[in-house]
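Numbering of ligands and ligand atoms starts at 1, following listing order. Please read these numbers as outputs of a predicted model, since none were measured by experiment.
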Amino acid sequence: MSLHKPNISFEFFPTQTDQGKEKLLTTFDELNTLAPKYFSVTYGAGGSTRTRTLDIVDSLCERSDTPIAPHLSCIGDSKAQIAELLDRYKAQGIQRLVALRGDLPSGQVGMGELPFALDLVKFIRDYSGDHFQIEVAAYPEMHPQARSFEFDISNLVNKFNAGANTAITQFFYNADSYLYLRDAVEKKGIDTEAHPLVAGIMPIINASNLIRFADSCGADIPRYIRRQLADYGDDSKAIRQFGFEVVLQLCERLIKEGVPAIHFYSMNKVQPNKRLVEALGL
Ligand code: FAD
């Protein structure tokens, strides 16, 4: 039986230095040979990476015809600042955005005029009509600040109903959590063929960073993974090999279950992502 082939996309974060940017452009060229549907570029909440995000978006747009999807996070920004970005992206020919609330950098207070991603989705639709394809965030293991799982699922449904086209999940290593979320939004009336739930996949490259990041964003690292990462200690080659096998199995299961697309949290790296895409035959 031949399995369907989900689309792939890659996420980048803006780099701090010119040297880092040069490296990112080379990474882009290499990942671009895998024919992704688009690349996305993160945006620090409160505008903390505005200049660097715009700079990377400009450079990637100039470099190839592969679509670029800037992230836009609304917390702490004014409507005027968001409108300015929407005008700029529209003029540049950008047609896809990832619309998020974001997390305020420590010390910054004030939620701004658009406190939640739902407000941002509504604002984009009011301001730019149907110009942009809007992606939003989804949480198979619940957003860490959500008042309940049920509330968080309804929040995702509300984002779809307000005009979001697609959702990309937070990373996860338990396929059942993704399948549960997909069933849950369908039960609330969302047609997941029209509004696909894209699996956000984080390759395992470095144990301590992964665990710190997972703890902060509420993603679960199952015990069998945590324990083995701990056992490998500083053996980065063993960690990468184990991580590759775990994530490959996860993606294979998701593909069997009909996942429409896979969005790789690339960590601005070529090899771990390319290896997975090639092993999956995508
Ligand atoms: P929302 O959908 O607004 O939800 C945030 C929380 O508020 C949830 O707990 C929700 O249940 C709750 N909530 C919603 N409405 C209400 C309400 N009316 N009253 C009370 N609670 C409510 N962050 C960045 O800063 N920049 C990025 O580029 C970025 N990219 C990301 C890409 C993806 C694919 C994902 C999954 C996350 C990304 N993040 C990024 C992180 C994201 O911004 C954080 O997870 C953030 O805490 C929540 O954003 P959201 O869009 O899910 O917010």
Checklist entry - Can you list the atoms of ligand 1 that are under 4.0 Å from a heavy atom of Gln145? => result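 Those atoms are 9 (O).
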Next on the checklist: Return the closest protein heavy atom for atom 10 (C) of ligand 1 as residue, atom name and distance.
Outcome noted: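 Checked against all protein heavy atoms, atom 10 (C) of ligand 1 sits closest to Asp152 OD1, 3.4 Å.
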Checklist entry - Got the closest protein heavy atom to atom 41 (C) of ligand 1, with its distance? => result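 For this ligand atom, the closest protein heavy atom is Asp103 OD2, 4.2 Å.
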Checklist entry - How far apart are the closest heavy atoms of Ile205 and Ile239, and which atoms are they? => result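 Where Ile205 meets Ile239 most closely, the heavy atoms are O-CG2, 4.0 Å.
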Checklist entry - Any idea which atoms of ligand 1 are less than 4.0 Å away from a heavy-atom of Ala45? => result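 Counting from 1, the qualifying ligand atoms are 25 (O).
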Next on the checklist: Among all protein heavy atoms in this structure, tell me which lies nearest to atom 39 (N) of ligand 1, with the distance rounded to 0.1 Å.
Outcome noted: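 Result for atom 39 (N) of ligand 1: Leu100 CD2, 4.1 Å.
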Checklist entry - Going by the atom numbers of ligand 1, which of them fall below 4.0 Å from some non-hydrogen atom of Asn155? => result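 Taking each heavy atom of Asn155 in turn, ligand 1 has 1 (P), 2 (O), 4 (O), 10 (C), 14 (C), 15 (N) under 4.0 Å.
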Next on the checklist: Taking the basic N atoms (NZ, or NE/NH1/NH2) and the acidic carboxylate oxygens, is any pair closer than 4.0 Å for Arg88 and Asp58?
Outcome noted: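 Judged by the 4.0 Å cut-off on N to carboxylate O distance, Arg88 and Asp58 do form a salt bridge.
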Next on the checklist: Looking at Lys79 and Asp77, is there a salt bridge between them, counting it only when a charged N and a carboxylate O are closer than 4.0 Å?
Outcome noted: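 No, this pair does not count.
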Checklist entry - Can you check whether Ala117 has an N/O within less than 3.5 Å of an N/O in ligand 1? => result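 Min N/O separation from ligand 1 is below 3.5 Å for Ala117.
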Checklist entry - Can you name the one residue among His263, Arg96, Lys37 that meets side chain to side chain donor-acceptor pair (under 3.5 Å) with Ser9? => result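 When His263, Arg96, Lys37 are each tested with Ser9, the side chain to side chain donor-acceptor pair (under 3.5 Å) holds only for His263.
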Item to check | Nearest non-hydrogen protein atom, atom 53 (O) of ligand 1 | outcome: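 Of every protein heavy atom, Arg101 CB, 3.1 Å lies nearest to atom 53 (O) of ligand 1.
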Checklist entry - Quick one: side-chain hydrogen bond (donor to acceptor under 3.5 Å, both in side chains) pairs with a partner in residues 214-225, sequence neighbours left out? => result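 Every pair satisfying side-chain hydrogen bond (donor to acceptor under 3.5 Å, both in side chains) with a residue in residues 214-225: Asp215-Arg226.
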Item to check | Shortest protein heavy-atom distance from atom 9 (O) of ligand 1, along with the residue and atom involved | outcome: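 In this structure, atom 9 (O) of ligand 1 has His143 ND1, 2.7 Å as its nearest protein heavy atom.
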Next on the checklist: Listing request: all side-chain hydrogen bond (donor to acceptor under 3.5 Å, both in side chains) pairs with a residue in residues 201-210, at least two apart in sequence or in separate chains.
Outcome noted: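 Listed by first then second residue: Asn206-Ser208, Asn209-Arg212.
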Item to check | Subset of ligand 1 atoms that lie under 4.0 Å from at least one heavy atom of Gln170 | outcome: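 That gives atoms 36 (C) of ligand 1.
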Item to check | Minimum-distance protein heavy atom relative to atom 26 (N) of ligand 1 | outcome: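 Looking only at protein heavy atoms, the one closest to atom 26 (N) of ligand 1 is Tyr43 O, 2.7 Å.
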Next on the checklist: Within ligand 1, which atoms have a heavy atom of Ala146 less than 4.0 Å away?
Outcome noted: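 Every atom of ligand 1 under 4.0 Å from some heavy atom of Ala146: 9 (O), 11 (O).
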Next on the checklist: Within the 4.0 Å heavy-atom shell around Thr42, which atoms of ligand 1 are there?
Outcome noted: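 Matching atoms, with element in brackets: 28 (O).
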Item to check | Heavy-atom nearest neighbour in the protein, as seen from atom 35 (C) of ligand 1, with distance rounded to 0.1 Å | outcome: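 Looking at atom 35 (C) of ligand 1, the protein heavy atom closest to it is Ala137 CB, 3.8 Å.
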Item to check | Protein heavy-atom partner closest to atom 7 (O) of ligand 1 - residue, atom, separation in Å | outcome: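 Going atom by atom, the protein heavy atom closest to atom 7 (O) of ligand 1 ends up being Phe116 CE2, 3.5 Å.
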